[in-house]
Amino acid sequence: MVVNLVQERLGASSMAEQVLRTIGPVVLLGPPGAGKGTQSKRITEHYHIPQVSTGDLLREHVRQQTPLGIEVQAVIARGELVPDHLVCDIVAWRLRQPDADRGFILDGFPRTQKQAAWLDSFLKFEFFETGKWASWLPIVIRIQVDYNKLLLRITGRRTCPTCGAIYNVHSNPPLVDEICDKDGTKLVIRDDDRDEVIRERLDTYERQTKPVAEYYDKLGRLVTINGDQSVDDVSAAILKEIDGRACGVASGTEVKGN
Ligand code: ADP
Ligand code: ADP
């Protein structure tokens with residue numbers, strides 16, 4: 001189990017301290033295929049804070065053919081970014097849910113400088129100034145992986161449409177070909193994980209999301225992790241950063257240990 005593995009490595013004191021304190025906002029940055037989704041799920045398991053994946057939220061709108069889903073599906077299919085105001089509205093709605101009170105992991109957001117600036121003011125007004133958290137500064141973790149490895153990771157990615165589990169035909173195959181280990185559902189390839197779209201997404205990352213990393217770097221808030229290690233080693237490096245930086249005690253939102 002990741003929790004045990006990381007506790008062993010960090011020499012963590014007690015499970016309750018590790019798992020139940022206020023973590024605050026965690027941002028995972030990185031190109032498509034870097035491992036943001038994979039790592040978000042592990043951080044969620046460890047700290048019991050929700051993963052907020054704008055990609056997953058948008059895909060769900062497309063799947064349900066909501067007015068927003070219909071509006072954005074062609075943009076996603078081309079590998080371009082959905083307009084900032086639409087994504088920020090979805091994020092605001094999600095972060096106002098009560099399960100986000102001790103913190104959350106933003107996976108795939110912010111992806112533009114406008115989104116980053118919006119996030120800073122949202123966190124300040126909704127979490128810091130309301131007295132929920134001691135700080136509004138997110139822990140920003142960039143997962144870095146070599147371009148050619150990203151291509152291999154994305155083309156090998158398979159996901160479970162039922163539980164969201166992420167597999168890879170090369171590095172993390174399911175026990176039975178194309179079937180989810182957890183619930184037996186047939187795995188799918190994402191529509192935008194096709195060759196021509198993958199390149200567009202990687203270019204979009206270079207043009208529009210790299211400046212976000214620079215924005216946080218200039219503010220002294222960026223931590224870069226080598227994503228070209230085993231999933232367990234990347235998890236251990238990320239949890240170590242979060243343990244060292246979590247934003248402090250929230251008033252009135254403490255959760256008791258079990
Ligand atoms: P992202 O959310 O950044 O697009 P994912 O978490 O979906 O990335 O990972 C992309 C693919 O790479 C998946 O198939 C996943 O199983 C695989 N993967 C993730 N982390 C690693 C790793 N450290 N080593 C090898 N493969 C990985
Ligand atoms: P990846 O695994 O490639 O990092 P995601 O699942 O995060 O991809 O996103 C898939 C697509 O959803 C993106 O290519 C983009 O079209 C749209 N999207 C996701 N997050 C955002 C965002 N923060 N801003 C704009 N578009 C987004």
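Counting starts at 1 for both ligands and their atoms, in listed order.
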Evaluate salt bridge (charged side-chain N to carboxylate O under 4.0 Å, His left out) for Arg207 paired with Glu200, printing each intermediate quantity in order. CA-CA 10 Å; Arg207 281 195 318 272; Glu200 177 58 35; 3.7 Å; yes
Apply the test salt bridge (charged side-chain N to carboxylate O under 4.0 Å, His left out) to residues Glu60 and Arg63: give CA-CA distance (whole Å), side-chain angles for both, the deciding distance (0.1 Å), then the verdict. CA-CA 5 Å; Glu60 188 55 22; Arg63 197 183 66 75; 2.8 Å; yes
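Using cut-offs of 30° and 60° on the angle between ring planes, the pair Trp136 and Phe128 is tilted.
Taking 4.0 Å as the cut-off between side-chain N and carboxylate O, Asp56 and Arg94 do not count as a salt-bridged pair. Using a 4.0 Å cut-off between charged nitrogen and carboxylate oxygen, Arg21 and Asp243 count as a salt-bridge pair. A salt bridge is absent between Arg111 and Asp84; no separation between the charged side-chain nitrogens and carboxylate oxygens falls under 4.0 Å.
Residue contact annotation: Gln229 has a non-hydrogen atom under 4.0 Å from ligand 1.
Residue-level proximity to ligand 1 for Ser230 is carried by the backbone, the only part with a heavy atom below 4.0 angstrom. Contacts between Gln39 and ligand 1 below 4.0 angstrom, taking non-hydrogen atoms only, are absent altogether.
A heavy-atom cutoff of 4.0 Å around ligand 2 is satisfied by the protein residues Pro32, Lys36, Thr54, Gly55, Leu58, Arg59, Ile76, Glu80, Leu81, Val82, Val87, Gly108, Phe109, Arg111, Gln115, Arg157, Arg190, Asp192, Arg201.
Taking every heavy atom of Tyr167 and a limit of under 4.0 angstrom, the matching atoms of ligand 1 come to 13 (C), 14 (O), 16 (O). Less than 4.0 angstrom separates some heavy atom of Val231 from each of these atoms of ligand 1: 20 (N), 21 (C), 22 (C), 23 (N). Of all atoms in ligand 1, numbered sequentially from 1 with element shown, those under 4.0 Å from a heavy atom of Thr38 are 5 (P), 6 (O), 9 (O), 15 (C), 19 (C).
Using a 4.5 Å heavy-atom cutoff, the side chains of Thr54 and Asp107 are not in contact.
Counting only residues at least two apart or on different chains, the salt bridge (Lys or Arg N to Asp or Glu O under 4.0 Å) pairs with a member in residues 170-179 are Arg158-Glu178.
Checking Asp192, Asp193, Asn168 one by one against Ile154, the side chain to side chain contact (heavy atoms under 4.5 Å, CB included) holds for a single residue, Asp193.
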